[in-house]
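Residue numbering restarts at 1 for every chain, and letters A, B, ... go by the order of the sequence lines.
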Number of protein chains: 2
Amino acid sequence: MIALTAAKKLPKHEEIRIQLENKMRSDSYKTGSKLPPEIELSAEYNVSRSTIRQALRSLEEKGLINRKSGHGTTVMPMINTEIQKLSSFSEDMLSRGYVPSSKLLDIQLIDAPLHVQEAFKIKNKKVWYLKRLRFADDKVIALQLLYIPPNLPIQLNDLVEMESYYELLESKLNIKVHSATETLSARKAENEEKELLQTEDTVIEFDRITYSNNAECVEYIRGIYLASQYKYQFKLIRDN
Amino acid sequence: MIALTAAKKLPKHEEIRIQLENKMRSDSYKTGSKLPPEIELSAEYNVSRSTIRQALRSLEEKGLINRKSGHGTTVMPMINTEIQKLSSFSEDMLSRGYVPSSKLLDIQLIDAPLHVQEAFKIKNKKVWYLKRLRFADDKVIALQLLYIPPNLPIQLNDLVEMESYYELLESKLNIKVHSATETLSARKAENEEKELLQTEDTVIEFDRITYSNNAECVEYIRGIYLASQYKYQFKLIRDN
DNA sequence: TCAAACCAAATGTTCGTACATTTGTCAAGG
DNA sequence: CCTTGACAAATGTACGAACATTTGGTTTGA
């Protein structure tokens, strides 16, 4: 007995969070005005105050509301931008409304470069190295250099046919991606990049080190993006 | 009776969060290992499970731990990078270990450009416009174009002597900065920028729209950063 | 008039309880 | 050998109560 459209029942706090978010987006609760106090909400939704607070906390994390002790809860502007979450190139492009694709230029087992050794905490071991061109709706966007640590149970075949590395990790290997540190810089395109990206212009370089759920490093990836084609957008919240 | 070093008493969950964080950083709890279950922690710290869960939630938000229902809580790698929070140029530079300073190049009341009108939701109104060069340890880093909406009670004097705009807002005007949307792009330096930043090279452009606690827009700022001198570093967490 | 004291309203903290759900393990059965 | 089922352990959900703290407005007194 399996329902194909899983339609899992959401917990109350999630349900309420969504309803409140909708009301804010539809201007039932207007930007700059105040949400009803927690006790009123708990009466309105027939749940305990703790449950309301769970929903509000989640909205606060997203920056959609501002809570102030002794004052109340203010509805913040509903901006299209979201807090930046960790996503793969494929997911990033899809969320922007493009169809991602890729072309494998090179794949080897190589001695890890120094910066990769550091990230993986290894010495004198071979790592997978993939050089790929990345496209959005068949327009070239980026060049990616991907390094994969040696301890993962990955076969050449997996990599050759792979479209998204995160997809491979999470679906096929059941390794869940958790977080990453990223360093962004910008510079002129160099040598080979000029040719591959067909530009004489500026590129944005992302260096990302990614960790799995069980605290293992699962990739070092350098993405060289065409600055003319790529903007990075995000939302920031102030620390209080 | 005022204690000069305020030393405000922290709530228990904060205290515990800090202690756990310290233990993780000092390798008492090692990366990749598991934290004791919530019930044990609540016994160890003599608090209720709810309080422990509050502490853990906060660590989870920072990406320092990973919790999994039915499994446990895993200690994630203690990386120096943090989740990016909204900060001013001054704060940013200070956190990087530099002394920030600035040179005012231009200050006027002008007709807002179109993109600023949109952000401020105004029409045919004058806004403050400041052009400033920004330095770190007396080395030029960025050129900033700051637009300030007309409804704020700001005098020319405030602006001329201002070092940090957020500082002015929060300390002098008691307007708390809450969040911002930012768009990042990269390109070659143009005309005037070349001269002011003393470069022929690449710049990173940040466009930021900032909101206060009460959902009012308080700035539109464009920062043009020397790419050779500025790297943007951040931590990303995956959505689950 | 103005500052201090007070007060009501709102969010924050903390406790405790009970049950639900998820996960990994281990043993039984085909 | 491999699937299935049972079980224990862990986090997740939900309730409710009591009190603390912060905030903003109001009242009061010099």
### Integer-rounded Å distance: D:dG16 P and A:Gln54 CD
14 Å

### Query
For the pair made of CD1 in B:Ile52 and C1' in C:dT14, what is the distance, rounded to whole Å?
12 Å

### Query
Below 4.0 angstrom from OP1 or OP2 of C:dC15, is there any side-chain N or O of B:Lys12?
yes

### Message
Check A:Glu163 with A:Arg134, please: is the shortest side-chain N to carboxylate O separation under 4.0 Å?
### Response
yes

### Task
Round to the nearest Å and state the distance from B:Lys176 atom NZ to D:dT22 atom P.
14 Å

### Query
Do A:Tyr166 and A:Thr210 have side-chain atoms, one donor and one acceptor, less than 3.5 Å apart?
yes

### Query
Under the salt bridge (charged side-chain N to carboxylate O under 4.0 Å, His left out) rule, what pairs show up with a residue in residues 85-95 of chain A, not counting sequence neighbours?
A:Glu91-B:Arg238, A:Asp92-A:Arg96

### Query
What is the distance from CG of B:Asn214 to P of D:dG24, rounded to the nearest Å?
11 Å

### Query
Can you tell me how far P of C:dG12 sits from CG of B:Leu10, to the nearest Å?
16 Å

### Query
Could you give the CG-to-C1' distance, from B:Asn66 to D:dG12, as a whole number of Å?
14 Å

### Query
Using 4.0 Å as the upper bound for N to carboxylate O, is an ion pair formed by A:Arg17 and A:Glu61?
no

### Query
Over how many whole Å does the gap from A:Asn213 atom CG to C:dT22 atom P extend?
16 Å

### Query
Side chains of A:Asn174 and A:Lys176: donor-acceptor distance under 3.5 Å anywhere?
yes

### Query
Which nucleotide sits closest to the side chain of B:Ser50: C:dT14, C:dC15, D:dA14?
C:dC15

### Task
Could you tell me the separation between the OH atom of B:Tyr45 and the C1' atom of C:dT13, rounded to a whole number of Å?
18 Å

Might you list the N or O atoms of the protein lying below 3.5 Å from N or O atoms in nucleotides 8-11 of chain D, with each pair's distance?
residue: D:dT11; atom: OP1; partner: B:Thr73; partner atom: OG1; Å: 3.1
residue: D:dT11; atom: OP2; partner: B:Glu38; partner atom: N; Å: 2.8

### Query
Is the backbone N or O of A:Arg132 less than 3.5 Å from a side-chain atom of A:Gln144, with the two atoms forming a donor-acceptor pair by type?
no

